[in-house]
Amino acid sequence: MLPNRDSHFSLSLSALSTPHIRRHSLHTPLPPATVFIAILIFISTGARLFADKDILIIKVRERMAHRLLRDAEADGWERSDFPIICESCLGDNPYVRMTKADYDKECKICTRPFTVFRWRPGRDARYKKSEICQTCSKLKNVCQVCLLDLEYGLPVQVRDTALSIDSNDAIPKSDVNREYFAEEHDRKARAGIDYESSFGKARPNDTILKLQRTTPYYKRNRAHVCSFFVRGQCTRGPECPYRHEMPVEGELSQQNIKDRYYGVNDPVAMKLLSKAGEMPSLEPPEDESIRTLYVGGLDARINEQDLRDNFYAHGEIESVKMVLQRACAFVTYTTREGAEKAAEELSNKLVIKGLRMKLLWGRPQAPKLESEVSDEANQQAAVTHSGLLPRAVISQQQNQPLQAPPQPPPMPYFNIPPLPQHERAYYPSMDPQRMGALIRSQEGSSSGPPGSNENRSGSEQQHQQAQQYGYPEHGAPSGSILPTILPAVWPHGTASSSAAV
Amino acid sequence: MPKVKTNRVKIPEGWELIEPTLRELQAKMREAENDPHDGKRKCEALWPIFKIAHQKSRYIYDLYHRRKEISKELYEFCLDQGYADRNLIAKWKKPGYERLCCLRCMQPRDHNFQTTCVCRVPKHLREEKVIECVHCGCNGCASGD
């Protein structure tokens, strides 16, 4: 990617960006006498310790206000040639036109003037500009725009807790201490002295690999929400460049750039960390003979060799079977221990060619179900019922409370993973109990799935049975809506023995 | 200020025919100048000025160059008195700029990356179809559309 760096800056910017910085509204002008005395004291003490910071404050103020651009370098006004930004902020377009304005704004963290770059990260994006200076961004190894880590795309707090880095005490946060620290740091960096940069040395650990962002996230480059639209007053209509959507309010809306930078009290980070803590680890299945792992989220670019490369380290691979239709693969180990080891090590961390993979345990009869799955890959939940039916029947026999389709057990038979989400909007016909998976001996006992108000008269059952097998649609007496593309032929023989819907 | 005629000017013939329209346009301009700015964006408040200036110049340009209803003398008279913008009309005579909205939109020096305003881009080459250019509120002044 070669962004087209344009060193022209717009006339308006150059004309207006006088070196005189507007930020000194906070600092009250001091009477000259005080300054004089202060500088005297400073000179007399000689040493430049932090204990002298009061004096330093005065001195710096005066310096900044009076010297303006003459001593740009000495005063620590930063100039740079290219921003330090992450992929998401740079955008998806390989051609980027960027304006560069020296000393255009002050850094949001250390309030020193710095070079502002402004560009548009893609067609449907707003214009983004660098918000913090390069010194601050190098100190925390974050992007100058979004303040997320450059390698992992995570907030500072998450990265620091995951890698157990604690540089927080070293960076002063108040007033001119901060400016002084930044200046010193900048000076050292320019002189080439290697400060303790702990970011290169930290080895990526499991947690961070689990949490990191693997692909760039361009949704954060969208335009802001139109505040007039929120009030119902947007008169710009179709040419309004802002988003006409309702804003999503919540705990995450109260973010603060300083908190995010220092890694303190960041709501996004806390949410991410709590999610990380609860991420389920893949539990070994009870059935000891299962040595197969299901790998989901495959792509055309990933081939068998990639899978082998990733999995061979944990044990001897017996076979690798790829099912491209379902974008998944099955890796079978010769030993159970190998499979367990692989599951443990790779469970949330498997990333091949930039794509995150989903890892689950496979079902022992995987080969047989696979072929069925690939045959009927275009058919919906009905197919997966072929996997569920036997289990549901078994659970029925054991008189367990009915929980089958909405909550598949942690050790599922081989299931197509998207199924659990489908179940949320589930139709009666998706429930094997209703569609006749009951064993005849049981049909008197359980009353079917909770919430059902089906009429289960005996006569109806008899009547239904004949029709059941061929026409599941007509089988449901109630007015429930059925998906119309249920297969006419039920895959297993297990359904035939039962009755009512 | 061209509207106040301090010098004694010789009015050429044909003036009585175009005078009413010109007076009307002038009144419109005065109204636009005195409009309150409430409810409008900062740039939006200036758009009517540009629009009416375009209209005035257009009227005179049409009369002379297109319909040929007034004499050269009268035309020059109008330009001198400030009823039309000479520079804008000069652009209209060039191919590709027949519908130019204002002189700012065409000036690369006034824009980032030395481009023209978005209103100069033909609609079939643009991504956003509905735009209002920030200088003069123009919807699209490429000669094609």
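As the structure is a computational prediction, the values presented were derived from the model and not from experiment. Residue numbering restarts at 1 for every chain, and letters A, B, ... go by the order of the sequence lines.
- Classification of Arg126(B) and Glu239(A) as a salt-bridged pair fails, no side-chain N sitting under 4.0 Å from a carboxylate O.
- Counted within 6.0 Å of NZ on Lys72(B), heavy atoms from surrounding residues, nucleotides or ligands total 12 or fewer; the atom is thus considered open.
- Going from atom CD of Glu44(B) over to atom OG1 of Thr235(A) covers 6.0 Å, rounded to the nearest 0.5 Å.
- Taking CD of Glu132(B) as the start and CZ of Arg236(A) as the end, the distance is 7.5 Å to the nearest 0.5 Å.
- A heavy-atom distance below 4.5 Å is found between the side chains of Asn112(B) and Arg118(A).
- Environment of CD in Glu16(B): crowded, with over 12 heavy atoms of neighbouring residues, nucleotides or ligands closer than 6.0 Å.
- No more than 12 heavy-atom neighbours from other residues, nucleotides or ligands sit within 6.0 angstrom of OH on Tyr97(B).
- Nearest approach of Thr115(B) to Arg97(A), heavy atoms of both residues: CG2-NH1, 3.6 Å.
- Within a 6.0 Å radius of NE2 in His37(B), no more than 12 heavy atoms belonging to other residues, nucleotides or ligands are found.
- The 12-atom threshold is exceeded at CD of Glu76(B), counting heavy atoms of other residues, nucleotides or ligands nearer than 6.0 Å.
- Arg123(A) is listed as a side-chain neighbour of Glu127(B), based on a closest heavy-atom distance under 4.5 Å.
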